[in-house]
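Note sheet for the following structure.
Remember, predicted model here, so these are calculated numbers, not experimental data. All chains are named by letter (A, B, ...) in the order of the sequence lines, taking the proteins before the strands, and each is independently numbered beginning at 1.
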There are 2 protein chains.
Amino acid sequence: MPQHSVTMADVAKAAGVSRTAVSFVLNQRTDVNIPDATRERINVVARELGYRPNAAARTLASKKSAWFGLVTEIATSPFASGVIKGAQQAAWQDGRFLLIAPSDDEPGMESLAVEKLLEQQIGGLVIAASWHREITVPENAMSVPCVLVNCFDADQRFPSIVPDEVGGGYTATDILLKSGHTNIGHITLTPGIPAQTGREIGMKKALAEAGITQPASNIVAGDGTADSGFQGTRELLELPDPPTAIFCGNDRIAMGAYDAIKESGLRVGTDISIVGFDDQEILAPHLRPRLTTIALPFEEMGTAGVSLLNQMAEGAPIDNRQITIGCPPRIRSSVAVPGRR
Amino acid sequence: MPQHSVTMADVAKAAGVSRTAVSFVLNQRTDVNIPDATRERINVVARELGYRPNAAARTLASKKSAWFGLVTEIATSPFASGVIKGAQQAAWQDGRFLLIAPSDDEPGMESLAVEKLLEQQIGGLVIAASWHREITVPENAMSVPCVLVNCFDADQRFPSIVPDEVGGGYTATDILLKSGHTNIGHITLTPGIPAQTGREIGMKKALAEAGITQPASNIVAGDGTADSGFQGTRELLELPDPPTAIFCGNDRIAMGAYDAIKESGLRVGTDISIVGFDDQEILAPHLRPRLTTIALPFEEMGTAGVSLLNQMAEGAPIDNRQITIGCPPRIRSSVAVPGRR
DNA sequence: GCGCGTTACTAAATCGAATTAGCAACCAGG
DNA sequence: CCTGGTTGCTAATTCGATTTAGTAACGCGC
């Protein structure tokens with residue numbers, strides 16, 4: 001095990017060439033004339049000596065670093081891990097590294113995190129949120145190409161990647177319509193957030209296209225918790241003409257809906273169909289019956305963010321438009337043709 | 001907005017001093033004589049010029065980097081985010097940065113990830129697993145202080161931080177015993193994994209201390225899924241003398257148990273008490289009734305890992321012992337005094 | 001046998017900091 | 001008024017790469 005600090009100079013000496021030659025060979029530069037025999041010799045010597053490039057030296061000399069920064073709340077969100085994974089993969093494929101910095105905890109943390117990342121000579125920055133919302137981007141983020149993921153800034157100074165909430169809401173509703181439901185309830189997320197407004201708009205769009213008009217009471221406000229799903233479902237079931245299907249603003253709401261339905265002596269799927277939203281990995285596939293839901297494309301958003309960053313880093317024209325990524329359905333067992341009551 | 005490449009030399013020139021002086025002042029070195037007036041002047045100039053240290057240059061010159069590496073499967077695990085968060089916080093407090101590399105995807109990825117991290121001149125390495133198990137540590141990890149989190153290597157060449165599964169199993173059982181249960185069922189995780197064996201040992205220890213002997217049939221094998229919880233619960237309920245409480249190997253099993261109990265016309269908590277394990281954030285607090293469970297100390301393990309790494313990096317004697325972190329109970333509403341059937 | 005174009009490299013500068021060695025100015029003590 | 005110590009710095013080297021500008025050696029055509 002070599003005591004690591006084998007440098008290019010060491011390799012050069014051992015191979016009997018200059019360190020310039022070593023640099024050329026190890027970086028696989030083809031625009032320079034070095035015969036294969038020499039290349040081979042240098043490569044062999046490098047391997048034998050256990051040469052390992054020093055990223056700091058490389059960054060310093062080339063004035064460009066191999067990494068991007070990712071600022072996110074790691075805190076409470078299993079969500080974030082999807083974005084991180086997607087971003088990580090995209091970065092890796094381009095031979096880049098992802099420096100992850102936390103934006104939670106204390107206020108002002110975000111700006112500090114960005115500052116620290118900039119010190120590391122990052123070539124680009126992704127700012128990700130754990131839930132779709134508007135954010136204020138710290139000023140210093142301007143010094144480097146920057147992409148927002150699962151969030152956006154008020155005046156669209158940065159390109160952003162967000163889930164297609166409207167499309168998702170449409171899809172969810174469409175699944176129910178296609179199954180024959182014509183009386184569909186909806187329990188919303190916390191009113192006002194983009195996910196809530198988007199999903200509801202999508203639902204209404206689907207209903208409108210199907211030529212269905214429903215009473216306003218078919219939509220009840222929730223807050224994203226299972227409890228609100230439980231309460232909301234009770235309200236819907238007590239309606240004079242109760243819906244045969246419920247589109248729940250998220251999976252946790254759906255979880256509460258399951259309980260309310262079961263307590264009413266009805267069966268989920270058979271008597272009342274349910275569609276969720278988010279496709280939470282440790283939840284949706286484990287409910288009984290397994291929950292049909294709409295997935296949030298976290299990984300895809302992370303990937304798209306880094307890809308966009310790559311383009312920007314390579315000098316592609318910056319287009320501040322918002323890019324939406326589709327929310328695909330996950331068909332499982334909680335939807336059936338309308339039951340009778 | 002200054003076109004960033006303000007260097008120490010620029011600051012030095014503007015302040016009318018040498019760059020050595022600037023370096024001393026900005027690094028707050030007190031072992032060198034520079035009057036406060038000069039220090040102040042340099043600091044002001046640095047701020048005005050928007051000086052930002054270049055981490056690559058610093059790393060290169062000082063031969064020590066400001067970061068640690070963290071290798072983990074980001075893939076499927078919301079779990080990992082707890083470890084990342086804890087590690088991140090501990091690192092941040094010591095002014096260090098965390099470079100996160102993925103170990104999933106292709107085989108051999110782990111070793112490659114470590115190699116890449118080493119190129120970045122990391123001062124230490126944390127290898128974390130998403131579930132408690134034995135791993136093989138890539139050879140190249142030897143070149144730097146290394147700590148294992150939520151995993152361990154066969155021959156204990158590295159210090160490791162793992163959850164106290166036995167203690168957790170003991171606690172879970174103790175909660176039920178303290179509530180008056182004397183006939184307790186258990187649905188295990190996949191047989192053989194450390195979490196399964198540890199938790200079962202803890203349970204048996206608690207029963208033994210309470211002087212309780214139970215038939216072997218009170219323990220049924222599961223596999224960590226909600227389905228296995230459903231099946232396991234049915235088996236237990238069909239026993240001639242069915243248990244009044246069930247300790248489930250994890251929260252998903254508990255979720256399945258809830259469904260089985262409800263389908264039998266019994267009430268969770270009231271008729272049959274349930275204790276889970278893992279404290280999955282989007283699951284346990286949302287079940288009805290809210291699930292009493294045992295938490296896995298992911299954040300604490302991450303923190304402990306980085307702290308240990310810090311000590312090692314500062315030259316503290318390396319102690320390859322395994323450090324266990326306690327699993328605290330989360331008391332909610334799924335446990336009551338024994339019901340009658 | 002001279003000029004020219006390749007081929008196969010090398011020398012040296014550079015990146016932005018950290019660090020070691022040392023120097024000039026000043027003051028105090030004898 | 002010379003010596004020695006302190007104060008307040010600076011010069012120069014170093015870290016390990018990248019990169020630009022060149023150059024020695026060789027073959028080839030005329």
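Checking I34(A) against T7(B), the closest nucleotide of DNA chain C that is more toward the 5' end is the one next to I34(A). Between A57(B) and V17(B), the residue anchored nearer the 5' end of DNA chain D, judged by the nucleotide with its closest heavy atom, is V17(B). Both R29(B) and A56(B) lie close to DNA chain C; mapped to their nearest nucleotides by heavy-atom distance, the more 5′-ward contact belongs to A56(B).
Note on N54(A): every side-chain N or O is 4.0 Å or more away from OP1 and OP2 of dG16(D). Between N27(A) and dT18(D), a side-chain N or O to OP1/OP2 separation shorter than 4.0 Å is present. Between S23(B) and dA18(C) there is a side-chain polar atom (N or O) within less than 4.0 angstrom of OP1 or OP2. Here T38(B) reaches the OP1 or OP2 of dC9(D): one of its side-chain N or O atoms lies under 4.0 Å away. Considering only side-chain N and O atoms, K63(B) lies nowhere under 4.0 angstrom from the phosphate OP1 or OP2 of dA17(C).
The residue V32(B) sits close to a base: some heavy atom pair falls under 4.0 Å.
For the pair R19(B) CZ and dT20(C) P, the computed distance is 17 Å after rounding to whole Å. Atoms NZ (K64(A)) and C1' (dG16(C)) sit 18 Å apart, rounded to a whole Å. Between the P atom of dT7(C) and the CG atom of D31(A) lies a distance of 14 Å, rounded to the nearest Å. Atom P of nucleotide dG16(D) and atom CZ of R58(A) are separated by 14 Å, given to the nearest angstrom. As rounded to whole Å, 9 Å separates atom C1' of dT14(D) from atom CG of L60(B). The interatomic distance linking D36(A) (CG) with dC9(C) (P) rounds to 11 Å, in whole Å. Atom CG of L26(A) and atom C1' of dC9(C) are 15 Å apart (whole Å). One atom, CE of M8(A), and another, P of dC15(D), lie 16 Å apart when rounded to the nearest Å.
Minimum interatomic distance between V11(B) and V45(B) (heavy atoms only, all atoms of both residues): O-CG1, 3.9 Å.
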* Asked: Under the side-chain contact (heavy atoms from CB on, under 4.5 Å) criterion, do V71(A) and E110(A) qualify, and how do the steps go?
  -> CA-CA 7 Å; V71(A) 177; E110(A) 198 160 19; 4.1 Å; yes

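A donor N or O paired with an acceptor N or O is not found under 3.5 Å between the base of dA11(D) and the side-chain atoms of S18(B). At a cut-off of 3.5 angstrom, the base of dA17(C) holds no donor-acceptor pair with the side chain of S62(B).
With dT7(C), dT20(C), dG8(D) as the candidates, the nucleotide lying closest to the side chain of F24(B) is dT20(C).
Salt bridge E115(A)/R52(B): present, at least one basic N to carboxylate O contact under 4.0 Å.
Using a 30° and 60° split on the angle between ring planes, W92(A) and F97(A) fall in the tilted class, from 30° to 60°.
Counting non-hydrogen atoms of neighbouring residues, nucleotides and ligands closer than 6.0 angstrom, the CZ atom of R39(B) exceeds 12 such neighbours.
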